[in-house]
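In what follows, a single structure is set out as structure tokens and then discussed.
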Amino acid sequence: MKRTLLILILAALVVACGPSKEERIDQIEDLEDSIFESAMVADEDAADQLTQLYTDFADKYPADSLSPQYLLKAAEIQSNVLHTDRSIALFDRIINDYPDFEHVPICYFLKGIAYESNSQFDEAKAAYQTFVDKYPDHYMAEQTRLMIPKVGMSPEEMLDQILANANDTIIAQ
């Protein structure tokens, strides 16, 4: 009886602990391989499943160097399937929980893109401006600074502005 009880307790502990870190990484890599065989993530269910694996890993192993990388992948996947709120929440999580992560600057930029794709232009401008203010020497800062006034413009409005500036330049010469 005691032996049966001990075996049940050990089995419960193994089940409660869930898969090991290595098993979680293997699960993630297997699903990545199956999803990324094509150029784009098209299957929302698979994207959500992979996002869940990434976030579960980061929840279980927050100090692991893979955690912010997985969260960034999750945010990008959610952006690709147009789950803007989810992607922004993941970018914010990276920014707040991993401020020294090398890709935090890009998180601000991608957050701006996500807002812009959801027609949240004021939020997009704010995200881009934060990127430029915090990382003025980043290789994308100058281009981003030039983008900010154009956020929310239609292609026709941008063309009109470019042509107006070209005319001003020609006249000034």
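L110 and F121 fall within a single hydrophobic cluster, where Ile, Leu, Val, Met, Phe, Trp and Tyr are joined by side-chain heavy atoms under 4.5 Å apart, directly or via other members. Neither Y70 nor I94 shares a network with the other; the hydrophobic side chains, linked directly or stepwise wherever heavy atoms of I, L, V, M, F, W or Y lie under 4.5 Å apart, form separate groups for each. When the side chains of ILVMFWY residues are joined at heavy-atom separations under 4.5 Å, either directly or via intervening members, I113 and V81 end up in two distinct hydrophobic clusters. Cluster annotation: L146 and M153 are assigned to distinct hydrophobic clusters (Ile/Leu/Val/Met/Phe/Trp/Tyr, side-chain heavy-atom contacts under 4.5 Å, transitive).
A donor-acceptor pair under 3.5 Å is absent between the side-chain atoms of N118 and the main chain of Q120, judged by distance alone. With hydrogens and angles ignored, the 3.5 Å screen pairs no side-chain donor or acceptor of Y135 with any backbone N or O of I106. A donor-acceptor pair under 3.5 Å links the side-chain atoms of S79 to the main chain of A75, judged by distance alone.
Taken from CD in E76 to OG1 in T51, the straight-line distance is 10.5 Å, to the nearest 0.5 Å. Interatomic distance, NE2 of H138 versus OG1 of T144, reported as 8.5 Å (0.5 Å rounding). Distance OH/Y54 to CG/D56: 12.5 Å, rounded to 0.5 Å. Separating the CG atom in D64 from the CD atom in Q69 is a distance of 9.0 Å, to the nearest 0.5 Å. Taken from NZ in K150 to CD in E116, the straight-line distance is 12.0 Å, to the nearest 0.5 Å. In this structure, CD in E44 is found 12.5 Å from CD1 in I77, a value given to the nearest 0.5 Å.
Residues Q78 and L90 meet the side-chain proximity criterion, which asks for heavy atoms closer than 4.5 Å. Taking 4.5 Å as the limit, every side-chain heavy atom of E123 sits out of range of all side-chain heavy atoms of I88. Using a 4.5 Å heavy-atom cutoff, the side chains of L71 and Y98 are in contact. Side-chain atoms of D48 and H83, non-hydrogen and from C-beta on, do get closer than 4.5 Å to each other. Contact annotation: the side chain of L72 approaches that of C107 to within less than 4.5 Å [non-hydrogen atoms, C-beta and beyond]. Y61 has its side chain out of reach of L66: every pair of non-hydrogen atoms, C-beta onward, lies at least 4.5 Å apart.
Closest approach of P99 to V104, counting heavy atoms only: O-CG2, 3.9 Å. Minimum interatomic distance between A58 and S67 (heavy atoms only, all atoms of both residues): CA-OG, 3.5 Å. Smallest separation of non-hydrogen atoms from A141 and P136: CB-O, 3.4 Å.
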Evaluate the side-chain contact (heavy atoms from CB on, under 4.5 Å) criterion for residues V151 and Y115: first the C-alpha distance (whole Å), next the side-chain angles of each, then the deciding distance (0.1 Å), finally the verdict.
CA-CA 10 Å; V151 170; Y115 277 129; over 6 Å; no
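Using cut-offs of 30° and 60° for the angle between ring planes, the H103 and F101 rings count as perpendicular.
Using a cut-off of 4.0 Å between Lys/Arg side-chain N and Asp/Glu carboxylate O, R145 and E142 are scored as salt-bridged.
Taking the six-membered ring for Trp and the full ring otherwise, the centers of F109 and Y128 sit less than 6.0 Å from each other.
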